[in-house]
Number of protein chains: 2
Amino acid sequence: MRSTAEARRVTVLNAAVSVFARAGFHATPVTAVAAAAGISEAYVFRLFSGKLGLFVAAAGACFDRIAAAIEAGAERATGGSPEEVLDAMGGAYAELIADRDLLLFQVQAQAVTDIPEIAEAVRAGYRQVATFVQSRAGASDAQVQQFFAYGQLCHLIVTAGLEQVPEPWARALTSGIRHP
Amino acid sequence: MRSTAEARRVTVLNAAVSVFARAGFHATPVTAVAAAAGISEAYVFRLFSGKLGLFVAAAGACFDRIAAAIEAGAERATGGSPEEVLDAMGGAYAELIADRDLLLFQVQAQAVTDIPEIAEAVRAGYRQVATFVQSRAGASDAQVQQFFAYGQLCHLIVTAGLEQVPEPWARALTSGIRHP
DNA sequence: GAAGTGTGTGAGTGCACACTTACAAACTAG
DNA sequence: CTAGTTTGTAAGTGTGCACTCACACACTTC
């Protein structure tokens, strides 16, 4: 027994988030995930119920990591006001997505929500994050909405590579956005 | 000669925007676009340089339609202040994307920006729209940024189907958003 | 040490799909 | 009418990939 199945699953999920993030669900063969995890394709199919099951599980892992980072960020808030807590959460999120895997995975997941299981996983992920943000920061609906609107703007900035574009319109969209 | 090639190209592009919007670039076979346009797959390959060329052309058509709608909306602004013009543009956009094809196509395009030609098409599209918004509304960088941030939030709301979710976190994210 | 259980893989199988080719029909030019 | 051009297709071809199966090795239990 080289390893337990449960430990393998964790390894595979980390690899899956990374690999699916780059090319998306349909363009990523399961062999690519298997190779990144260092095991055979056949064993990935034994550990998960299929490519879809693997992707849905990876989505869960992705949102878990985001929620954990935002939670840790909130702990570091200098004050207790909603604005300060939201700002600390935003900073933690900006740090987390510096490597882009988690951000790109979200974009990929949103793009395949025509598959009901994935749509449900996306909803569950945002439910987890949004309810935490709202309750922990004690923020108003409008503040929570703004928090997520600018988060989604980050998705556009990163996918379109706007931080590399020196033109005025791109500077307008990226100005003041932390990190990416 | 049943039709000119140029007229066929327009038909095919409209079909392509619709069909790619649903399942995305990789999951959409060219036969599906051909069927929606009412011609054979082989002829689609003669009209466009390949599946990628077709998608890039469809992206151009998509952003052209968005820019035209926003421009028309701006003409209907009740006043001349940046806020009023932006509001009219937002209203026009909300109307335009009621059928969801243009919105979902943007999401799909952003998801395949790892393909350089598509990334460039997405940048070109947002350049077209953002420069127009900024110059026509005479808005500040921050106002333009906010305009696009809430536009991107619409993408999340629609892809995740949040308008169907009765829970408080979903209401917070969708409150005040026009239409979708 | 035999039997059972959990971990792991190589070698398929079948199908979907991007793209090509050979060919046909409509139209145009002279 | 004929020769040439444009619009259009049916029928392939080759490849990549999701998923399976038979089999092997490690470890435990009695």
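Convention: sequence-line order gives letters A, B, ...; per-chain numbering from 1.
The side chain of A/Thr4 approaches C/dT7 more closely than any other nucleotide in the set C/dG8, D/dG8, C/dT7.
Using a 4.0 Å cut-off on heavy atoms, none of the residues of residues 108-117 of chain B approach DNA chain C. DNA chain D lies under 4.0 Å from no heavy atom of any residue of residues 14-21 of chain B. Contacts between residues 24-47 of chain A and DNA chain D, counted as heavy-atom distances below 4.0 Å, involve A/Thr28, A/Pro29, A/Val30, A/Glu41, A/Ala42, A/Phe45, A/Arg46.
The two residues A/Leu173 and B/Gln145 come nearest to each other via the heavy atoms O-NE2, 2.9 Å.
Annotation: side-chain hydrogen bond (donor to acceptor under 3.5 Å, both in side chains) contacts involving residues 20-35 of chain B, sequence neighbours excluded, comprise B/Arg22-B/Asp101.
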message = Can you give me the dot-bracket string for DNA chain D, 5' to 3', counting Watson-Crick and G-U wobble pairs with both distances under 3.5 Å, using [ ] for crossing pairs and | for partners on another strand?
response = ||||||||||||||||||||||||||||||
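Under 4.0 angstrom from either OP1 or OP2 of D/dT7 there lies no side-chain N or O belonging to B/Arg8.
A salt bridge links A/Arg136 and A/Glu75; the closest N-O separation between the charged side-chain nitrogens and carboxylate oxygens is under 4.0 Å.
Counting to the nearest Å, the P atom of D/dG16 and the NZ atom of A/Lys51 are 15 Å from each other. Taking atom CG of A/Leu54 as the reference point, atom C1' of D/dC19 lies 13 Å away to the nearest angstrom.
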Please tabulate, for the side chains in residues 125-135 of chain B, all donor-acceptor contacts under 3.5 angstrom to protein atoms that are two or more places apart in sequence or on a different chain.
unit_1: B/Tyr126; atom_1: OH; unit_2: B/Gln106; atom_2: OE1; d: 2.8
unit_1: B/Tyr126; atom_1: OH; unit_2: B/Gln110; atom_2: NE2; d: 3.1
unit_1: B/Tyr126; atom_1: OH; unit_2: B/Gln152; atom_2: NE2; d: 3.2
unit_1: B/Arg127; atom_1: NH1; unit_2: A/Glu167; atom_2: OE1; d: 2.8
unit_1: B/Arg127; atom_1: NH1; unit_2: A/Glu167; atom_2: OE2; d: 2.9
unit_1: B/Arg127; atom_1: NH2; unit_2: B/Glu120; atom_2: OE2; d: 3.4
unit_1: B/Gln128; atom_1: NE2; unit_2: B/Asp64; atom_2: OD1; d: 3.1
unit_1: B/Thr131; atom_1: OG1; unit_2: B/Arg127; atom_2: O; d: 2.7
unit_1: B/Thr131; atom_1: OG1; unit_2: B/Gln128; atom_2: O; d: 3.2
unit_1: B/Gln134; atom_1: NE2; unit_2: B/Asp141; atom_2: OD1; d: 2.8
unit_1: B/Ser135; atom_1: OG; unit_2: B/Thr131; atom_2: O; d: 3.1
unit_1: B/Ser135; atom_1: OG; unit_2: B/Phe132; atom_2: O; d: 3.4

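At a threshold of 4.5 Å between non-hydrogen side-chain atoms, the residues B/Glu83 and B/Gln143 count as touching.
Under the 6.0 Å cut-off for aromatic ring centres, B/Phe105 and B/Phe63 do not qualify, their centroids lying 6.0 Å or more apart.
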